[in-house]
There are 2 protein chains.
Amino acid sequence: MLMQKTASFERNTIVGEAVSLSEIFQYSPTETIASGKTICWEGDAANHLFQVVEGVVRLQRIIGEGRRVITAFLFPGDLVGAALQATYLFTAEAVNDCKIRRMSCKTFHEEVSRSENLRPEYIALLSQEMASAHEQMVLLSKKNAEERLCSFVVRLSERPHLAKEDMLSVPMNRQDIADYLGLTIETVSRTISKLASRKILSPVGRHDLKVASYERLARLSGNTDDFFDKTCDRGSLH
Amino acid sequence: MLMQKTASFERNTIVGEAVSLSEIFQYSPTETIASGKTICWEGDAANHLFQVVEGVVRLQRIIGEGRRVITAFLFPGDLVGAALQATYLFTAEAVNDCKIRRMSCKTFHEEVSRSENLRPEYIALLSQEMASAHEQMVLLSKKNAEERLCSFVVRLSERPHLAKEDMLSVPMNRQDIADYLGLTIETVSRTISKLASRKILSPVGRHDLKVASYERLARLSGNTDDFFDKTCDRGSLH
DNA sequence: CGTCGACTTGAGGACCCTCAACTCCAGTGG
DNA sequence: CCACTGGAGTTGAGGGTCCTCAAGTCGACG
């Protein structure tokens with residue numbers, strides 16, 4: 001806690017204003033979170049923000065007995081709790097072994113307030129989160145199991161550190177995927193099998209997929225804008 | 001446009017810093033939007049923000065042929081496009097006759113940057129939006145038709161200007177409700193009928209509901225925290 | 001080799017969607 | 001005034017998709 005304060009102070013006197021959000025986390029020590037461990041609890045006072053340095057984090061809510069919803073997966077560079085609230089909106093857990101950096105909300109807020117560079121980046125980050133949330137609502141509202149799974153794989157493949165040519169690393173297990181896509185584990189499994197039988201992708205072990213054609217996946221994902229220009233729906237208006 | 005700039009300037013010299021977000025819209029003229037008309041289009045350059053003054057606005061996305069998703073309803077005081085992005089994430093349309101105020105993103109951004117009072121309010125607003133989005137994802141992931149409808153009615157009833165004792169005004173039509181809840185219009189209709197036969201609520205005309213017991217509705221909405229203390233799910237942790 | 005957890009596969013059923021007919025109501029015109 | 005029309009909403013029958021429950025397979029690890 002004290003150390004953090006000091007580090008933060010040093011940087012400001014030496015380097016001047018921070019120029020990127022990642023930079024202000026640099027001086028916090030990395031913490032290691034074992035697979036499955038919790039980073040913060042839904043409902044708890046939100047005293048800290050966390051930056052994912054390595055690994056994958058899931059944000060989830062538990063409702064009633066056994067019903068779990070994963071609202072997002074976070075990857076290196078992403079922030080847990082960027083939308084500063086009095087309490088956390090979700091429980092954050094490590095999908096696999098993770099490294100994170102921690103920062104107090106207060107310090108973060110002060111840094112962002114002070115720096116003209118950080119503020120737009122912070123707003124952009126929140127906007128990005130909103131955009132993802134909208135995307136997810138569309139998926140959950142109107143897509144069938146196959147479209148959901150294809151959307152998921154396409155989104156994963158956009159992470160450069162997960163996709164190596166045609167091999168895609170999928171760090172989360174089937175239950176995570178199911179709870180993220182609003183399906184059951186069985187439906188996820190069946191849908192993968194069906195896609196495999198159509199030679200669109202094939203599972204390799206439990207955490208890898210060999211993808212035959214990302215283009216084909218994108219077409220199956222139900223996103224109009226993946227093969228049409230967005231402006232075409234609106235005709236010639238204005 | 002010019003008028004806006006002038007008004008904005010006047011206020012700053014006379015009253016000093018704005019103390020609330022609503023205040024900075026006060027000097028923009030109100031515009032009237034007829035029911036069903038569009039305020040802004042998904043994908044268009046986001047040059048303006050809008051504050052809803054009167055009426056209800058729906059934010060929606062169209063995907064493919066005939067598939068529409070409503071991601072949010074906005075009520076008086078709410079902002080369209082608060083998550084500043086290069087382009088709008090959604091199309092905004094008037095559910096009923098509306099009055100709105102407009103402000104350029106640039107001006108808004110400057111005002112918020114300048115004022116120490118506005119910034120936390122703005123962050124809080126974005127956080128609020130994120131919280132609603134999370135809530136909606138839970139609804140779409142895990143709730144059945146009855147829970148969705150009850151959640152919807154409970155949320156509407158929290159708007160003081162819509163709820164008068166046991167009568168609730170529902171400005172949106174069945175199709176809007178269906179596209180918001182990820183159901184079909186028939187399922188919405190049937191679910192209302194079933195709730196009516198159980199004397200939980202009864203439709204009065206097309207745009208009003210007589211609600212027997214909000215408490216009972218809350219219990220049917222599938223939100224654990226509507227009848228349990230939130231902390232109970234987590235056991236005795238810390 | 002046995003065990004355990006993660007995953008897959010199958011059978012049956014629930015819930016919601018689709019399609020279609022019907023009611024209700026407001027607005028229009030004879 | 002009433003018939004006509006069209007839009008919004010309701011109701012019914014049937015079917016599809018996904019869920020539930022259950023059994024079986026796979027793979028890691030002792």
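As the structure is a prediction and not an experimental result, all values here were calculated from the model. Order of the sequence lines sets the chain letters (A, B, ...), proteins ahead of strands, with each chain counted from 1.
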Contact list for DNA chain D against residues 167-176 of chain B - heavy-atom distance below 4.0 Å:
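Per residue number, the list reads B:Asn173, B:Arg174.
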Separation of [N] [atom2] from [X] [atom1] (nearest whole Å):
X	N	atom1	atom2	answer
B:Ile177	D:dA8	CD1	P	14 Å
A:Lys142	C:dT18	NZ	P	8 Å
A:Leu209	C:dC7	CG	P	12 Å
B:Lys143	C:dC16	NZ	P	14 Å
A:Asn144	C:dC17	CG	P	13 Å
B:Leu181	C:dC15	CG	C1'	16 Å
A:Ile185	C:dT8	CD1	P	8 Å
B:His207	D:dA8	NE2	C1'	9 Å

Counterpart residues, side-chain contact (heavy atoms from CB on, under 4.5 Å), relative to [X] (two or more places apart):
X	result
B:Lys37	B:Ile33, B:Ala34
B:Thr30	B:Lys99, B:Arg101
B:Arg190	B:Glu186

Side-chain donor or acceptor of B:His207 paired with backbone N/O of B:Val170 under 3.5 Å:
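At least one qualifying donor-acceptor pair exists.
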For the pair B:Ser197 (side chain) and B:Lys194 (backbone), establish whether a donor and an acceptor sit closer than 3.5 Å, ignoring hydrogens and angles.
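Answer holds: yes.
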Hey, can you tell me if B:Phe75 and B:His161 have their rings parallel, tilted or perpendicular (30° and 60° cut-offs)?
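Geometry flag for B:His161 against B:Phe75: perpendicular rings.
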What verdict does the salt bridge (charged side-chain N to carboxylate O under 4.0 Å, His left out) test give for A:Asp179 and A:Arg174, after you've listed the backbone C-alpha separation in whole Å, the side-chain angles of each residue and the deciding distance to 0.1 Å?
CA-CA 9 Å; A:Asp179 289 344; A:Arg174 299 288 188 265; over 6 Å; no
Give me the distances for all protein-to-nucleotides 24-30 of chain D N/O pairs that come in under 3.5 Å?
| residue | atom | partner | partner atom | Å |
| --- | --- | --- | --- | --- |
| D:dC26 | O2 | A:Arg206 | NH2 | 3.2 |

Would you check if B:Leu195 and B:Leu149 make a side-chain contact, meaning some heavy-atom pair closer than 4.5 Å?
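B:Leu195 reaches B:Leu149 side chain to side chain.
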Taking side chain to side chain donor-acceptor pair (under 3.5 Å) as the criterion, tell me which of A:Lys143, A:Glu147, A:Arg155 meets it with A:Asn223.
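Of the listed residues A:Lys143, A:Glu147, A:Arg155, the side chain to side chain donor-acceptor pair (under 3.5 Å) partner of A:Asn223 is A:Lys143.
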Show the numbers, then the answer: is there a salt bridge (charged side-chain N to carboxylate O under 4.0 Å, His left out) between A:Glu146 and A:Arg219?
CA-CA 11 Å; A:Glu146 184 177 301; A:Arg219 240 187 328 264; over 6 Å; no
Close approaches to DNA chain C from residues 186-205 of chain A, in residue order (heavy atom, under 4.0 Å):
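Listed by number, they are A:Glu186, A:Ser189, A:Arg190, A:Ser193.
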Can you confirm whether the side chains of B:Ser22 and B:Gln51 place a donor and an acceptor under 3.5 Å from each other?
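Result is yes, a qualifying pair exists.
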Does A:Thr184 have a side-chain nitrogen or oxygen under 4.0 Å from the phosphate oxygens OP1 or OP2 of D:dC19?
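Looking at the OP1 and OP2 atoms of D:dC19, one of them is under 4.0 Å from a side-chain N or O of A:Thr184.
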